[in-house]
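Beneath this line is the structure, given in structure tokens, with notes to follow.
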Amino acid sequence: MKARLTLLAAAAVLAGCAAPGLSQGPANLAPAQFNQLPAANPGAATMTAAFVDSAQLQRVVDEVLANNRDLRAAAARLKQAEALADAAGARRLPSVGLGANASRQRAPNDQGVFNTFSSYGVNATAGWELDLWGRASATAQAAGYDAQGAALDRDAAQLSLAGAALNLQAQLIGFGHRLKLAKETLVVQNQLLDLVKARVGAGRGTALDQARAEALVAQTSASVPALRNAACLTRLQLDVLRGQPPADCDKADSDPLPAMPEPRLISLGTLPDPAGLLAQRPDVKAAAVRAQAAASRANVAWAARWPSLGLTGQIGWSAGKAGDLFKSGTQIHSLAAALNWNFLDFGARKAEESAARAGFDAAVAGAEQAQLTALQDAQGSLSTLRETELQANFQATAADATLRARDLAFKRYDAGVTDFYSLLTAEQERLAAQDALIQLQTGRATALLAVHKAFAARLTAMP
């Protein structure tokens, strides 16, 4: 008993050493407010509700969340982390085991006579390592933070993949409308070519006019396969995100063409402030949780440098005959305490602690970088949305003006007031302006989606 008290006293003295102080955790880098806010921002309660007709976009999101393989992997990693956290927590508690044995031996006695001996035993053992330095607690905390981080990583993956899929869907719709414009334009341009040929045949036109008309038709025709291929490549990317085998692009071209996504409008007051944004972004929260896990692991490494104190106990019965088990004379029991300390390891554990501290510093830097990236996403998406809205408005005016100019040029050419070159130029400008408008409308949709992704899809639609 005196030896046990001495052992416990030594452990108590060592327990007076304080746990290591780590450097400050991630700093809050959020500014007071965002600097560039659009005059009128599209937005909504969820990514897909950001658009007037959101049904077909919602179907895309549902398919991604249900079938994407990366999300399945993230869910599996979450289950793994939760199981490891449960295991780490269980190690803080005593362990209890049951055992039974039976043996039969033949051995000589002191006189060299061989005898046969039987032995039977039943026992229960219990063991518990006292958490003197918080190593077991820190290990459990680190595992718990890992599980939280895995859950946040899954949420971030859902947000990112849903945003990527919607972006591809918006681009696919844009390619479809550009392709439709090119095909409709070819009909008009072929009519112009027929008109020029007729005028040349009647002696009222020139071979130069006909060559120019043929070149215009050929140029527009050349844009069709390029647009069709771009739409096919986009569709293939979208199918992979949806967890589907790549589609047959030729068959998909016959699908009905959805209307261009029409954004809703939101109030500026629904935009989260920078600090609120950082508090709700799953990737930012995951980075902060990883810093907490790294801090716990630094404490584990520190605690590993000091002695460990374990308690073990056993109670059981041992007898030469199975029928004598559990009788009072066959009972055995023991209680022991053990102090272990590898005080001479040539700096190995100290180096491990230094490595863990460096890991914490790296995690802190990573958490702060995640904040900066989130703020960049938010500010950049707002700026892009604002400028794209302005571009789209101006381009709509330009497209309308070029359409009127083309119609006037056709009437003047038909009346013989102007040459074919003026009509040709007006038609080229009309096609370029209409195509640019579709691209900007697509860009406006993707810019709105970028805002929702940057703000973790927490905007609220106006009534």
Open item on the list: Which heavy atom of Ser381 sits nearest to which heavy atom of Ala378, and what is that distance?
Closed with: OG-O, 2.9 Å
Open item on the list: Is it the case that over 12 heavy atoms from other parts of the model lie below 6.0 angstrom from the CZ atom of Arg135?
Closed with: no
Open item on the list: Is any side-chain heavy atom of Thr125 closer than 4.5 Å to one of Val96?
Closed with: no
Task: Side-chain touch Ser296/Thr139, heavy atoms, less than 4.5 angstrom - done: no
Task: Distance under 6.0 Å and angle within 45° of ring axis: Arg281 vs Phe455 - done: no
- [ ] Salt-bridge test for Glu389 and Arg386: reply yes if a basic N is under 4.0 Å from a carboxylate O, no otherwise.
- [x] no
- [ ] Compare every heavy atom of Thr220 with every heavy atom of Ala182, then report the nearest pair and how far apart it is.
- [x] O-CG2, 3.7 Å
Task: Residue from Asp419, Thr425, Thr418 passing side chain to side chain donor-acceptor pair (under 3.5 Å) with Ser422 - done: Asp419
TODO: Take the angle between the ring planes of Trp133 and Trp306 and call it parallel below 30°, perpendicular above 60°, tilted in between.
DONE: tilted
Task: Pair Glu429 + Arg406: basic N to acidic O under 4.0 Å - done: no
- [ ] Tell me, with the steps shown, if Arg290 and Asp153 meet salt bridge (charged side-chain N to carboxylate O under 4.0 Å, His left out).
- [x] CA-CA 11 Å; Arg290 281 190 285 271; Asp153 286 340; 3.1 Å; yes
Task: Considering all heavy atoms, the nearest Ala165-Leu238 contact - done: O-CD1, 3.5 Å
Open item on the list: Evaluate Glu63 against Arg59 for salt bridge (charged side-chain N to carboxylate O under 4.0 Å, His left out), listing each step before the verdict.
Closed with: CA-CA 6 Å; Glu63 290 176 350; Arg59 285 194 296 271; over 6 Å; no
Task: Side chain proximity check, Asn28 to Leu278, heavy atoms < 4.5 angstrom - done: yes
Task: Audit row: Gln210, Glu214, side chain to side chain donor-acceptor pair (under 3.5 Å) steps and yes/no - done: CA-CA 6 Å; Gln210 181 174 336; Glu214 291 173 346; 3.2 Å; yes
Open item on the list: Between Arg404 and Asp400, is the salt bridge (charged side-chain N to carboxylate O under 4.0 Å, His left out) condition met? List the steps.
Closed with: CA-CA 6 Å; Arg404 296 197 311 270; Asp400 183 64; 2.4 Å; yes
TODO: Indicate yes or no: does Asp407 engage Lys411 in a salt bridge with an N to O separation below 4.0 Å.
DONE: no
Open item on the list: Minimum heavy-atom separation for Ser308 and Glu129, please, with both atom names.
Closed with: CB-OE2, 3.5 Å
TODO: Give the minimum heavy-atom separation between Leu71 and Leu161, together with the two atoms involved.
DONE: CG-CD1, 3.6 Å
Open item on the list: For Gly174 versus Thr442, what's the shortest heavy-atom pair and its separation?
Closed with: CA-OG1, 3.3 Å
- [ ] Evaluate salt bridge (charged side-chain N to carboxylate O under 4.0 Å, His left out) for Glu427 paired with Arg430, printing each intermediate quantity in order.
- [x] CA-CA 5 Å; Glu427 171 61 15; Arg430 181 200 70 84; 3.0 Å; yes
